[in-house]
Number of protein chains: 2
Amino acid sequence: MSQSTIQQSSVRNGLLAALALADWAHLEPHLEAVELPFDQTVHAAGGPVDAVFFIETGMVSVLVTLEDGAQVESGIAGPEGLLGLALVFGDSHSLTDARVQLEGTALRIGAAAFQAAMDRSPALRALLLRYALAFLGQVTQGGACNARHPIENRLARWLLTAHDRAGADEFPMTHEFMAMMLGVNRPGVSIAAGLLSRAGLIRYVRGRMTITDRPGLEAATCECYHTVRHEYARLLGPRSAAPAASAG
Amino acid sequence: MSQSTIQQSSVRNGLLAALALADWAHLEPHLEAVELPFDQTVHAAGGPVDAVFFIETGMVSVLVTLEDGAQVESGIAGPEGLLGLALVFGDSHSLTDARVQLEGTALRIGAAAFQAAMDRSPALRALLLRYALAFLGQVTQGGACNARHPIENRLARWLLTAHDRAGADEFPMTHEFMAMMLGVNRPGVSIAAGLLSRAGLIRYVRGRMTITDRPGLEAATCECYHTVRHEYARLLGPRSAAPAASAG
DNA sequence: GTTCGTACGTTCGAAATCGAACAAATACTT
DNA sequence: AAGTATTTGTTCGATTTCGAACGTACGAAC
């Protein structure tokens, strides 16, 4: 456990910031600041989920691994949310990998302490269930998007989602990687990214992506981005829908 | 409210059947038997969710409606589950339509009574959260499946999922309709269904689908069917993973 | 028995995407 | 400065899927 007290006012995680003081008090003694280094697997599919991570900075992808080895992104979590959703549902296993895509930091709480806090604090439970529902909305809309929308729209959507969580207009990101997330082949992303770049919406050089025209990107995405964003805002408040964009 | 008492032993819904008597007692006075006629919209996207429906027979699709009017299935519920998942999360709105695909019956409970029962019964809440997690698993795996797997495998998967909930080897189902569920065009389904039919796995005549070789279909599907089924079984017990197949 | 609506089979050209490959450019290493 | 690994741009043919169309079969209604 952490030796020193964490001040709620200094917490950058949207869920924790939304708690009343009494509910925060249930969690705080058990929270431990941890690093989320790039590419770390926070929890693995099939394995146990032994802690919840409230993300403070960075971005983590939730991934389904298919039989052929392909990993497809089903959702993204950032400073608006948490990892270890299975524990919110009272389970201790996950169908998905969680892998750090943009390095950052988190506050970690072990499964037992987390369950105890959930049991004692109805407000905490209610808040985290709303987050779970928002995440379900993200996965639901994303699934339909995968089935029907062309690569260019989906790429714009993914970039906006990443931008919301990156905390900056520029962040490291390769075509190869985005192709895997979207479940498409790499040249497909290169072509789509080329279109967005020629339209002046983004720039990229060797694994560094820069969002140069966010309103333009929002016009280039399918409605799925806006649908998910509105759902996050409705359930968790505007701050949690787009932590980076509204702060910066 | 219903005038007469419903015996738990006669209930065909997997969730209700799994409840201890004390938890059942919280719900029973408020349950009302209702019909689920074909094509009925149980609740609509954006609209309020004013009741939970524990399905007894039949099958209901949970659908995302896209801007272009296309409706893509994100999940299916049958006698193993319920509709109105938003209420389990403490919310009262839904991102999705729920539409009856195979007619049946359900036990309905209004939102207020349902919330009260959830508040009073931790066991009920725990059970329904496990169902919510299983449903999230279905949506998650389905989204990845949409992104990567060819139509034929996805059709086999969908037929197996329907078979599990239909309670019979034969059920009404058109190509047109399956195409919409899978988010693909109709000839794509006709071709895929033709392959499955020539392989002797299914038969169909004018909107009547018959599963003739279930093990064969299970070999023709992608792993996504098995993954989801195992997750349902793990979280809810074997009965809920395949209510029809294990009963018949 | 005829008519009509729906479901299905099939075709066709167009478009999107795939999968593999290779060249060019950039960063890192030595 | 040279060598190496990685990232990106690009090509190309193959495959899948799309979207529209048309003909046929089945079943219900008159």
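Note that these values count all heavy atoms, side chains included, but never hydrogens, waters or copies made by symmetry. Below, chains carry the letters A, B, ... as their sequence lines are ordered, and counting in each starts from 1.
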Distance in angstrom units between B:Ile151 CD1 and C:dT17 P, rounded: 14 Å
- request: Send over the distance from B:Met180 CE to C:dC8 C1', rounded to a whole Å.
  value: 17 Å
- prompt: DNA chain D: A:Ala147 or A:Glu176, which has the more 5' nearest nucleotide?
  reply: A:Glu176
field: Check ion pair B:Asp68-A:Arg148 (N to O, under 4.0 angstrom)
entry: yes
query: Looking across every strand, which nucleic acid part, if any, lies under 4.0 Å from B:Gly188 by heavy atom: base, sugar-phosphate, or nothing?
result: nothing
query: So, A:Thr210 and A:Thr212: side-chain donor and acceptor under 3.5 Å apart, yes or no?
result: no
task: Can you tell me the distance, in whole Å, between the CG atom of A:Asp68 and the P atom of C:dC18?
output: 12 Å
Check the interface with nucleotides 24-27 of chain D: list each N/O to N/O pair with the protein under 3.5 Å, or write none.
{"residue": "D:dC26", "atom": "O2", "partner": "B:Arg206", "partner atom": "NH1", "Å": "3.2"}

field: Stepwise salt bridge (charged side-chain N to carboxylate O under 4.0 Å, His left out) test for A:Arg234 and B:Asp91
entry: CA-CA 10 Å; A:Arg234 181 177 74 78; B:Asp91 189 33; 2.6 Å; yes
statement: The answer to which of A:Arg148 and A:Ser190 contacts DNA chain D further toward the 5' end, by nearest nucleotide, is A:Ser190
- line: Rounded to whole Å, CZ of A:Arg186 lies from P of D:dG9 at a distance of 8 Å
Which nucleotide in D:dC18, C:dC18, D:dG9 has an atom nearest any side-chain atom of A:Val184: C:dC18
- request: For residues B:Ala147 and A:Leu182, report the shortest heavy-atom separation together with the two atoms involved.
  value: CB-O, 4.2 Å
Partner set under ring pair (Phe, Tyr, Trp, His ring centres under 6.0 Å) for A:Tyr204, not counting sequence neighbours: A:His175
5'-most by nearest nucleotide on DNA chain C - A:Glu152 or B:Arg198: B:Arg198
task: Grab the CG-P distance between A:Leu155 and C:dA16 for me, whole Å please.
output: 16 Å
query: What heavy-atom pair brings A:Asp164 and A:Tyr225 nearest, and what distance separates the two atoms?
result: OD2-OH, 2.5 Å
- request: Calculate the interatomic distance between A:Met178 atom CE and D:dT8 atom C1'; express it in whole Å.
  value: 11 Å
task: May I have the distance from A:His175 (atom NE2) to C:dA25 (atom P), rounded to whole angstrom?
output: 16 Å
message: Other residues, nucleotides and ligands only: do more than 12 of their heavy atoms fall within 6.0 Å of CD on A:Glu176?
response: no
task: With heavy atoms under 4.0 Å as the rule, sort A:Ile191 into base, sugar-phosphate or nothing.
output: nothing
- request: Choose from D:dT7, D:dG9, D:dC18 the nucleotide whose nearest atom is closest to any side-chain atom of A:Tyr204.
  value: D:dG9
query: How bent is the helix from C:dG1-D:dC30 to C:dT30-D:dA1, comparing axes over its five end pairs at each side, to the nearest 10°?
result: 30°
query: Without hydrogens or angle criteria, can the side chains of A:Gln138 and A:Tyr232 be said to hold a donor-acceptor pair below 3.5 Å?
result: yes
query: Knowing that exactly one of B:Asn13, B:Leu107, B:Thr105, B:Val34 qualifies, which makes a side chain to side chain contact (heavy atoms under 4.5 Å, CB included) with B:Phe53?
result: B:Val34
query: What is the distance from CG of A:Asn185 to P of D:dT8, rounded to the nearest Å?
result: 15 Å
- request: Kindly point out which of D:dT7, D:dG9, C:dC8 is positioned nearest to the side chain of A:Thr174?
  value: D:dT7
message: Quick one, A:Val62 and A:Ser94 - any side-chain contact, counting heavy atoms below 4.5 Å?
response: no
query: Among D:dG19, D:dG9, D:dT10, which nucleotide sits nearest the side chain of A:Pro187?
result: D:dT10
